[in-house]
Amino acid sequence: MPRLKQVARKDADPFAQKLYDVLFGDRDPVAEPGTATGTPGNWWTVFALVPDAFKHTTEGFQFYRSKNRKIDPKLRELGQIRAGWARGSQFVFSQHCKASRDVGLSEAQIEAIPHWQVADCWSKLERAVLAYTDCLVLQGGRVPDGIFDALKAELSDEEILELTYVTATYDMHATMSRALRLEYDDVDERIVEVAPPEGSSADVMSMVDEKKK
């Protein structure tokens, strides 16, 4: 379950209720969860806790899909899907596998997202976009000049700003999804202590302690 409470249909504000209609039909998504894409749908029901945040984020989806955008949708999706994978969000990565197909990325390219650095299915510009995404997500925005120069060689300043904004937004979505355990990111922490066999030392390094040789 998500870490925050969800907003039932009867308690949702009018804007959220309209989106509930689109996504869930006449169901109460808290009592009867599930979307057409197979997700539980609790991203929507949790974000509806703060109506203006809900509206702001939803309008962000409209922003990056607007016909006013200059960045190629394929490049935009490369940033979004890689941000989801790099941040470790099953939800963002999974959803943008589907969105990437919609804009024309091949199955080979989608399968290569985790190991893009050694895959041969990318153009020079696509590799630059993927490298830039890793700088945004994994290096906190620290971008070497060589990577930025590769973007500047083929993209306008407007395109780079759009790419940066959308990719960083999806880094945020991936982070929030994990923190709040939304959708496919509702998973238990896997880095935990594994109990040793009964009777064994509590400190494995004690087996190689110089004092015991």
Side-chain angles (χ1 to χ4, degrees), residues 1-65 76-102 110 113-114 130 133-142 163-196:
M1 294 292 291
R3 283 172 160 162
L4 301 181
K5 63 185 178 182
Q6 300 179 65
V7 179
R9 177 182 288 277
K10 66 180 178 61
D11 299 319
D13 83 310
F15 179 81
Q17 287 189 358
K18 289 180 181 177
L19 281 174
Y20 282 11
D21 289 342
V22 173
L23 293 162
F24 306 106
D26 59 1
R27 287 180 288 125
D28 178 348
V30 177
E32 299 180 69
T35 68
T37 61
T39 74
N42 54 46
W43 186 96
W44 305 93
T45 55
V46 168
F47 262 79
L49 282 167
V50 182
D52 48 353
F54 185 89
K55 189 172 188 293
H56 182 268
T57 53
T58 303
E59 289 175 345
F61 304 148
Q62 296 169 339
F63 168 85
Y64 82 76
R65 292 175 177 272
R76 179 202 78 211
E77 282 298 331
L78 280 182
Q80 290 170 297
I81 190 174
R82 177 64 187 181
W85 193 91
R87 186 54 66 199
S89 169
Q90 179 78 21
F91 178 52
V92 171
F93 176 73
S94 178
Q95 293 299 88
H96 285 276
C97 284
K98 300 167 181 63
S100 293
R101 292 187 188 96
D102 288 345
I110 293 170
I113 290 297
L130 288 162
T133 298
D134 281 2
C135 291
L136 293 175
V137 177
L138 300 177
Q139 298 185 52
R142 187 182 184 191
L163 174 65
T164 305
Y165 181 79
V166 173
T167 302
T169 297
Y170 270 79
D171 182 19
M172 177 197 72
H173 282 308
T175 298
M176 292 184 69
S177 181
R178 293 186 64 191
L180 302 179
R181 294 184 65 155
L182 304 177
E183 306 288 356
Y184 298 143
D185 291 319
D186 184 12
V187 294
D188 292 335
E189 175 60 61
R190 68 176 300 274
I191 308 302
V192 296
E193 180 184 4
V194 177

Between [X] and [Y], which heavy-atom pair has the shortest distance, and what is it?
{"X": "Q6", "Y": "V30", "answer": "CB-CG2, 3.7 Å"}
{"X": "A53", "Y": "F47", "answer": "O-CD2, 4.4 Å"}
{"X": "W43", "Y": "T57", "answer": "CH2-OG1, 3.5 Å"}
{"X": "F24", "Y": "P40", "answer": "CE2-O, 4.5 Å"}
{"X": "L49", "Y": "P51", "answer": "O-CD, 3.5 Å"}
{"X": "L182", "Y": "P2", "answer": "CD2-CB, 3.9 Å"}

[X] vs [Y] side-chain heavy atoms within contact, under 4.5 Å:
{"X": "R87", "Y": "H173", "value": "no"}
{"X": "Q80", "Y": "V92", "value": "no"}
{"X": "T164", "Y": "L136", "value": "yes"}
{"X": "R101", "Y": "C97", "value": "yes"}
{"X": "E77", "Y": "Y64", "value": "yes"}
{"X": "T133", "Y": "L138", "value": "no"}
{"X": "T37", "Y": "Q95", "value": "yes"}

Could you grab the distance from atom [atom1] of [X] to atom [atom2] of [Y], nearest 0.5 Å is fine?
{"X": "L78", "Y": "T167", "atom1": "CG", "atom2": "OG1", "answer": "9.0 Å"}
{"X": "T45", "Y": "L19", "atom1": "OG1", "atom2": "CG", "answer": "12.5 Å"}
{"X": "I81", "Y": "S94", "atom1": "CD1", "atom2": "OG", "answer": "9.0 Å"}

Any idea how Y170 and F61 line up, ring-wise: parallel (<30°), tilted (30 to 60°), or perpendicular (>60°)? tilted
Assign the ring pair F54 / Y20 to parallel, tilted or perpendicular, where the plane angle (0 to 90°) is split at 30° and 60°. perpendicular
Please determine whether side-chain contact (heavy atoms from CB on, under 4.5 Å) holds for the pair K98 and I110, giving the CA-CA distance in whole Å, both sets of side-chain angles, and the decisive distance to 0.1 Å. CA-CA 9 Å; K98 300 167 181 63; I110 293 170; over 6 Å; no
Mind running side-chain contact (heavy atoms from CB on, under 4.5 Å) on F15 and T58 for me, showing each step along the way? CA-CA 10 Å; F15 179 81; T58 303; 4.1 Å; yes
Sequence neighbours excluded - side-chain hydrogen bond (donor to acceptor under 3.5 Å, both in side chains) pairs with any residue from residues 182-191: T39-E183, S89-D185, S177-D185, R181-D186, R181-D188
Look only at the side chain of Q139 and the backbone of D134, and say whether a donor-acceptor pair between them is shorter than 3.5 Å. no
Just to verify, what does R27 make a side chain to side chain donor-acceptor pair (under 3.5 Å) with, not counting sequence neighbours? none
Just checking D26: does its CG atom have more than 12 heavy atoms from other residues, nucleotides or ligands closer to it than 6.0 angstrom? no
